[in-house]
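Proteins come first, then strands; the chains are lettered A, B, ... in the order of their sequence lines, and each starts at number 1.
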Protein chains: 2
Amino acid sequence: MGIEKLRTEIRREQIVQAALNLIASHGMRKLSIAGVARRVGLVPSAIYRHFKNKDEVLDAALEFIRNRLLDNVKEVFEETIDPLERLRRLLMRHAKLIRENQAIPLVIFSEEVYHGSPERKARVRGIMQGYLDRVSDIVRQGQQEGRIRSEIDPKTISLMFIGLFQPAAIFWHMSDGEFDVTKHTEKAWKVFSKAIQAN
Amino acid sequence: MGIEKLRTEIRREQIVQAALNLIASHGMRKLSIAGVARRVGLVPSAIYRHFKNKDEVLDAALEFIRNRLLDNVKEVFEETIDPLERLRRLLMRHAKLIRENQAIPLVIFSEEVYHGSPERKARVRGIMQGYLDRVSDIVRQGQQEGRIRSEIDPKTISLMFIGLFQPAAIFWHMSDGEFDVTKHTEKAWKVFSKAIQAN
DNA sequence: TTTATAAGTGAAGGTAGATTCACAAAAAGG
DNA sequence: CCTTTTTGTGAATCTACCTTCACTTATAAA
């Protein structure tokens, strides 16, 4: 039927994207091999030509997510050297990324991770830790340059930084898109940046 | 076998608590009628003497959660009239509540809610909205009394307030309890309260 | 004490979904 | 053009649950 035979690298990408789309629209619980296969235009058993099992599809999705997060950090580092501006841009980029890839939080905070295999949990912890560490780096740099109050623990700041966006994202979901996350994030940034700025 | 026959009101409470325990230790995905029944000391089919189906068990759990959240608000209102102190106490109470009932965030942010029936989603939105509204009330009171900067939108403040704790809770989970949420929450409160205080 | 009702049991039916396997057919390499 | 490898297919299996039902039996009411 589907006639076309494509190379496994291409199929793997298609499968991961299909999985992320499926997750974004119906959640992790509806992530099924059959559903993914349908979206790719294959029969369920065909998925097993490209992935050993469902878990490996999820791992590939995590890899994709990790790269997108790190891309943002990298780009922000290239755009400016001002620490506060780096933070602001990272926050807005993050908001944009999540808006466009709603599957990301659903995967990262899913129970497959929370209560799944210790290896995967460790992996996601690594992704989060890595991201937070980059934020802490920016904060420390800002403290050394005297732009950010140095009496505040960089780790506290980086967690609060994530908190600027996260509850808003949840609220956005719950209100079916009624709530304007971007606007909230901007306002929250104003309050937050004033709070951490030195002098 | 189980010999004892208890009244349905008692069983319902036992079942809800068993469900919450099960969720706290193994997540929503492992919440099964069989698992709950085992913890209560019943056979799976017995659960249906007390609840119409699994969904109703979950609804009862939501009711329990809603009451605990509102209890905290109520108690904080009775403890003090100072708005900033009310916020601080609510935050610390919230942290304690979640520490002792880890199932709460798992239920509230579960996909059964996120992508489940619109009715349940609306119900949870109501719970969150109600909680945030109480926080906003406190903020507005503080602004009228000149204790909180009035140029900041109360809604922004209340969402940021939730954000003080939420990412820390996730990080706590991910690090298997290594991370000290209470300490972080206290530090974050200091930064935050300074940021919103008037003068 | 008798009896009606509420609670508890075990077997059975039903569904959804992951995974395997033997077979078919396209593509790549020679 | 022929052969090998890679992809794709459909049927079949296996598992994990939810839920129903015909029965017991404890408990409370009369």
Q: Respond yes when some side-chain nitrogen or oxygen of B/Lys54 is under 4.0 Å from OP1 or OP2 of D/dC18, and no when none is.
A: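 Yes, B/Lys54 has a side-chain N/O under 4.0 Å of OP1/OP2 on D/dC18.
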Q: Counting only heavy atoms not in A/Glu178, do more than 12 sit closer than 6.0 Å to its CD atom?
A: no
Q: With sugar-phosphate meaning primed atoms plus P, OP1 and OP2, does A/Ala46 contact a base, only sugar-phosphate, or nothing at under 4.0 Å between heavy atoms?
A: base
Q: Starting at the 5' end of DNA chain C and moving along, which residue's nearest nucleotide shows up first, B/Ile47 or A/Pro44?
A: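 Taking each residue's closest nucleotide, the earlier one in sequence belongs to B/Ile47.
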Q: Within this structure, what is the CD1-to-C1' distance between B/Ile10 and D/dA28, rounded to whole angstrom?
A: 14 Å
Q: Taking only side-chain N and O atoms of A/Arg11, does any of them lie within less than 4.0 angstrom of OP1 or OP2 on D/dG8?
A: yes
Q: Under 4.0 Å between a side-chain nitrogen and a carboxylate oxygen: does that hold for A/Glu112 and A/Arg120?
A: no
Q: What orientation do B/Phe161 and B/Phe192 show, parallel under 30°, tilted 30 to 60°, or perpendicular over 60°?
A: tilted
Q: Specify the separation, in whole Å, of atom CG of B/Leu6 and atom C1' of C/dA7.
A: 9 Å
Q: Under 4.0 Å from OP1 or OP2 of D/dT6: is there any side-chain N or O of A/His50 that close?
A: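 For A/His50, the contact criterion (side-chain N or O under 4.0 Å from OP1 or OP2 of D/dT6) is not met.
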Q: Just compare D/dG10, D/dT6, C/dA18 and give me whichever is closest to any side-chain atom of A/Ser32.
A: C/dA18
Q: Taking CD1 from B/Ile33 and P from C/dG10, how many angstroms apart are they, rounded to a whole number?
A: 17 Å
Q: For residues B/Arg99 and B/Thr182, determine if any side-chain heavy atom of one lies less than 4.5 Å from a side-chain heavy atom of the other.
A: yes
Q: By nearest nucleotide on DNA chain D, pick out whichever of B/Ser45 and B/Arg7 is the more 5' one.
A: B/Ser45
Q: Given atom OH of B/Tyr48 and atom P of D/dC18, what is their separation to the nearest angstrom?
A: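 Answer to the nearest Å: 6 Å.
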Q: Output the rounded distance in Å from CG (A/Asn53) to P (C/dT19).
A: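 Going from CG in A/Asn53 over to P in C/dT19 covers 5 Å.
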Q: Expressed in angstrom and rounded to an integer, what is the separation of B/Arg29 atom CZ from C/dA16 atom C1'?
A: 13 Å
Q: Determine, for B/Phe64 and B/Arg66, whether the Lys NZ or Arg CZ falls below 6.0 Å from the six-membered ring centre while staying within 45 degrees of the axis.
A: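 So B/Arg66 doesn't make the cation-pi contact.
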Q: Expressed as a whole number of angstroms, how long is the span from A/Arg49:CZ to C/dA26:P?
A: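 Distance check: A/Arg49 CZ to C/dA26 P gives 16 Å.
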Q: What integer distance in Å separates A/Phe51:CZ from C/dA18:C1'?
A: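 That distance rounds to 16 Å.
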